[in-house]
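Hydrogens, waters and symmetry mates are skipped; everything else that's a heavy atom, side chains included, is used. As the structure is a computational prediction, the values presented were derived from the model and not from experiment. If you read the sequence from its start, that first residue is 1, and numbering goes on from there.
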Amino acid sequence: MSSVPTHVHETVDDHLTAIEREADVAVALAVARGSRAWGAVSPDSDYDVGFVYVPTDLRRYAHLEGVTEGIDEDRGAFEYQGWDVRTFARLLADSNESAIDLLRSPIRYRTAYDPADLRAYIRRTYNPIDLYHTWRGIATSNYRKYVSHHLVRSDDAVVPILESDGDAYTVETDAGTRTIPVDDERFTETRTEPTVKRNLMIARAAMSARYLRETGERGSHELPALAFETFLREQAPAVFDAERIDRARDLLERKRAGDGDSEIGDAVGRAFAHPAREIDPAIHARDGPETDRLDVFIDDLLAAVQ
């Protein structure tokens, strides 16, 4: 079980109390997000906190001004992202990856509401195809932004670079390859950031998407463990070869050791970072959590802070 020092818990509690007072809300659940939640914390990692809140006066949901759906605050080394309870319920109904992971975080700062039953229900009912496309999107977008050597056209189209000789680029297009002069003002070469932590983010997302698809095609749709080390040790061997797992584990260990900002090039591979765009809905799509059942859990959450 992951943990943080007592003084961190105290600081987070003080910050949440201030947020409650300033926004006139009650925090029902607050947990660690990001690298601390999935086990990639390094000596210089900040503290990301996710929370669910309820307006102190529920009548605000009927008022014209309504309730703020989200609260984002940066307090130095501590960053807070909160959802009001109705927004949180909507995200769970849509099998939102961030909302699901909030329920799964091993580090809890506030637990007026115990999420155990809700977490178990979501694990049984989430829609796999939604999570697949989320993880695929994380992998491909971060590969394009931080690792892939590419040009960006003036209309924001991305064109991967295959070769460059100083005078022209040979690029990949949907129709094959083409040559673009380096002085073509319609295109700008990107400045990539192929660091350990960026490669790790891409590797984790791509492996999660591919694992969910593969296990789904075997009939189980196993949810990858939130703790990446646990996933690599206990689940990944069923789908990936030892070389792929070792490569991901090396990235994780380097990130933990404080080497996250070191540039290492492409440690994932373009093909692996791009899971298939199309997957069979007949196999991978489910109805997702039932609204009526979620409402029961939300009633419990409201009761915990009223």
Can you see which heavy atom on [X] is nearest to which on [Y], and at what distance?
| X | Y | result |
| --- | --- | --- |
| Ile100 | Leu92 | N-CD2, 4.1 Å |
| Leu103 | Pro115 | CD2-CB, 3.7 Å |
| Ile283 | His221 | O-CE1, 3.0 Å |
| Thr192 | Ser148 | CG2-O, 3.0 Å |
| Arg256 | Pro43 | O-CD, 3.4 Å |
| Thr68 | Gly70 | CG2-O, 2.9 Å |

Tell me if the CD atom of Glu229 is crowded by more than 12 foreign heavy atoms within 6.0 Å.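 It does not: Glu229 CD has 12 such atoms or fewer within range.
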Surrounding CD of Glu234 (heavy atoms of other residues, nucleotides or ligands, distance under 6.0 Å), is the total greater than 12?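 Above 12, so yes.
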Do [X] and [Y] meet the criterion of a side-chain donor-acceptor pair at a distance under 3.5 Å?
| X | Y | value |
| --- | --- | --- |
| Glu79 | Tyr47 | no |
| Thr11 | Asp14 | no |
| Glu189 | His149 | yes |

Yes or no on side chain to side chain donor-acceptor pair (under 3.5 Å) for Asp84 and Tyr61, after CA distance, side-chain angles and deciding distance? CA-CA 10 Å; Asp84 84 286; Tyr61 277 118; 2.6 Å; yes
Okay, side chain of [X], backbone of [Y]: is any donor-acceptor separation there less than 3.5 Å?
| X | Y | answer |
| --- | --- | --- |
| Asn127 | Arg286 | yes |
| Ser105 | Ala32 | yes |
| Thr173 | Gly176 | yes |
| Arg144 | His150 | no |
| Asp165 | Ala168 | yes |
| Asn199 | Thr195 | yes |
| Arg90 | Val85 | no |
| Thr125 | Tyr121 | yes |
| Ser220 | Thr215 | yes |
| Lys255 | Ala40 | yes |

Roughly how far, to the nearest 0.5 Å, is the [atom2] atom of [Y] from the [atom1] atom of [X]?
| X | Y | atom1 | atom2 | result |
| --- | --- | --- | --- | --- |
| Arg60 | Asp24 | CZ | CG | 5.0 Å |
| Tyr113 | Leu301 | OH | CG | 6.0 Å |
| Leu118 | Leu294 | CG | CG | 7.0 Å |
| Gln306 | Asp299 | CD | CG | 11.0 Å |
| Ile122 | Ser95 | CD1 | OG | 7.0 Å |
| Tyr146 | Glu193 | OH | CD | 6.5 Å |

Check: Phe51 ring centroid to Tyr109 ring centroid under 6.0 Å: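 Ring centroids of Phe51 and Tyr109 are no less than 6.0 Å from each other.
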Does the pair [X]/[Y] count as a salt bridge with the N-to-O cut at 4.0 Å?
| X | Y | result |
| --- | --- | --- |
| Arg104 | Asp101 | yes |
| Arg249 | Asp246 | yes |
| Glu214 | Arg210 | no |

Assess the residue pair Arg36 and Asp48 against the criterion (salt bridge (charged side-chain N to carboxylate O under 4.0 Å, His left out)); give the C-alpha distance rounded to whole Å, side-chain angles, the decisive distance to 0.1 Å, and a yes or no. CA-CA 8 Å; Arg36 292 185 186 277; Asp48 295 314; over 6 Å; no
Would you call the rings of Phe231 and Phe240 parallel, tilted or perpendicular if under 30° counts as parallel and over 60° as perpendicular? perpendicular
Criterion ring-ring contact (aromatic ring centres under 6.0 Å, His included) on Tyr53 and Phe88, from CA distance to verdict: CA-CA 9 Å; Tyr53 62 89; Phe88 180 58; over 10 Å; no
Only residue of Val12, Val8, Val31 satisfying side chain to side chain contact (heavy atoms under 4.5 Å, CB included) with Val49 is Val12
As a test of understanding, state which of Arg110, Arg21, Glu73 forms a side chain to side chain contact (heavy atoms under 4.5 Å, CB included) with Leu16. Arg110
Arg270 charged N/C atom sitting above Tyr143 aromatic ring, 6.0 Å / 45°: no
Test side chain to side chain donor-acceptor pair (under 3.5 Å) on Tyr80 and His15; report intermediate values, then the result. CA-CA 9 Å; Tyr80 295 84; His15 288 169; 2.6 Å; yes
